[in-house]
Colleague: 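Take this structure first; my questions come after.
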Amino acid sequence: MLKEETYNLDTRENSPVIVLPWFQNCRVLIDTGATLPMWLKGVIPLKLKGAIKENQTVNLNGVGGSSTGDLYRVNFELGNIHFRNLPIVHKEIDVADAYMILPATLFEGMIYEIDNISHRLKIKVDDKEYYRNFRIKDKSGIPYIYLANTYETREDAEKIS
C-alpha cells in the first residue's frame with residue numbers, strides 16, 4: 001500500500017527547496033542531478049544529529065568545478081521515511097540558501113513529484129519501504145549512492161546491517 005508524504009516548496013526559490021524539522025527546520029534542496037547527499041553548512045549541526053565521520057574524502061564534480069568533501073554517515077529522517085547510516089558529504093558552499101542537498105536517487109522505488117504550481121513535493125512510498133539503506137559506490141571515479149535494501153520496520157533494518 002502506498003502512503004504519501006507532502007512537503008511545501010519555498011516559493012522564494014527557483015529550485016525545489018523544502019524545510020525539514022530534522023535539524024532546526026533546515027532548508028533542503030532536492031537535486032535531480034546530484035549523486036550524493038551533501039551537508040553544505042558547518043559540520044557541528046551534522047555531528048549533533050549523530051553523524052560519524054568516515055576516514056574518507058570524496059571527490060566532487062559539478063559543484064562549481066572539482067572539489068573534495070569529508071564523508072559522514074548519519075541516520076536521516078524525511079518525515080516518516082528513515083535512511084539508516086546515510087552517506088553524506090560535508091562541503092561548505094552556498095547553494096540556494098540550503099543546509100543540504102538531497103539527490104533524487106534517494107527516492108528510488110518511490111513516486112515523487114515536484115509540483116511547481118501548488119508548490120509541493122509529494123512522495124509516495126510503499127509502507128514496506130519506510131526504512132531504507134543506501135550505500136556508496138564508485139563508478140569510473142565518480143562516487144554515487146544506490147539503494148541497497150528497504151525494510152518495513154526499524155527492527156528489520158537493524159537486524160541486517
Colleague: Does some side-chain heavy atom of Val74 sit less than 4.5 Å from a side-chain heavy atom of Trp39?
Modeller: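 The answer is no, as the side chains (C-beta and beyond) never meet within the 4.5 Å cut-off.
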
Colleague: Transitively linked via ILVMFWY side-chain contacts under 4.5 Å: Met100 with Val19?
Modeller: no

Colleague: Charged N to carboxylate O under 4.0 angstrom, Asp10 versus Arg12?
Modeller: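 Yes, this pair counts.
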
Colleague: Please report the interatomic distance CG(Asn75) to CG(Asn85), rounded to the nearest 0.5 Å.
Modeller: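 Answer rounded to 0.5 Å: 5.0 Å.
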
Colleague: Could you state the interatomic distance from CG (Asp138) to OH (Tyr144), rounded to the nearest 0.5 Å?
Modeller: 8.5 Å

Colleague: Report yes if the side chains of Arg27 and Leu29 come closer than 4.5 Å at any heavy-atom pair, otherwise no.
Modeller: no

Colleague: For the atom pair CG (Leu9) and CD1 (Ile18), what is the distance rounded to the nearest 0.5 Å?
Modeller: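 These two atoms lie 7.5 Å from each other.
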
Colleague: Can you give me the closest heavy-atom contact between Ala34 and Pro103, atom names plus distance?
Modeller: O-CB, 3.3 Å

Colleague: Can you tell me if Tyr151 and Asn149 form a side-chain donor-acceptor pair at under 3.5 Å?
Modeller: yes

Colleague: Can you tell me how far the NZ atom of Lys91 sits from the OG1 atom of Thr68, to the nearest 0.5 Å?
Modeller: 5.5 Å

Colleague: For the residue pair Lys47 and Tyr72, establish whether any side-chain heavy-atom pair is separated by less than 4.5 Å.
Modeller: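 Yes. Closest side-chain heavy atoms under 4.5 Å.
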
Colleague: Would you say the side chain of Leu78 lies within less than 4.5 Å of the side chain of Trp22, judging by non-hydrogen atoms?
Modeller: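 With C-beta onward as the side chain, the pair stays apart.
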
Colleague: Is NZ or CZ of Lys137 both nearer than 6.0 Å to the six-membered ring centre of Tyr146 and within 45° of the ring axis?
Modeller: yes

Colleague: Considering only heavy atoms from C-beta outward, does the side chain of Ile81 approach that of Leu106 to under 4.5 Å?
Modeller: no

Colleague: What's the spacing between Glu92 CD and Met38 CE if we round to 0.5 Å?
Modeller: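 Result: 10.5 Å between the selected atoms.
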
Colleague: Under a 4.5 Å cut-off applied to non-hydrogen side-chain atoms, are Asp115 and Leu121 in contact?
Modeller: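 No, side chains not in contact.
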
Colleague: Out of Ile30, Leu40, Val28, Val89, which one pairs with Ile101 under the side chain to side chain contact (heavy atoms under 4.5 Å, CB included) rule?
Modeller: Leu40

Colleague: Would a 4.5 Å heavy-atom cut-off, applied to side chains only, mark Glu5 and Met110 as touching?
Modeller: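 No, side chains not in contact.
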
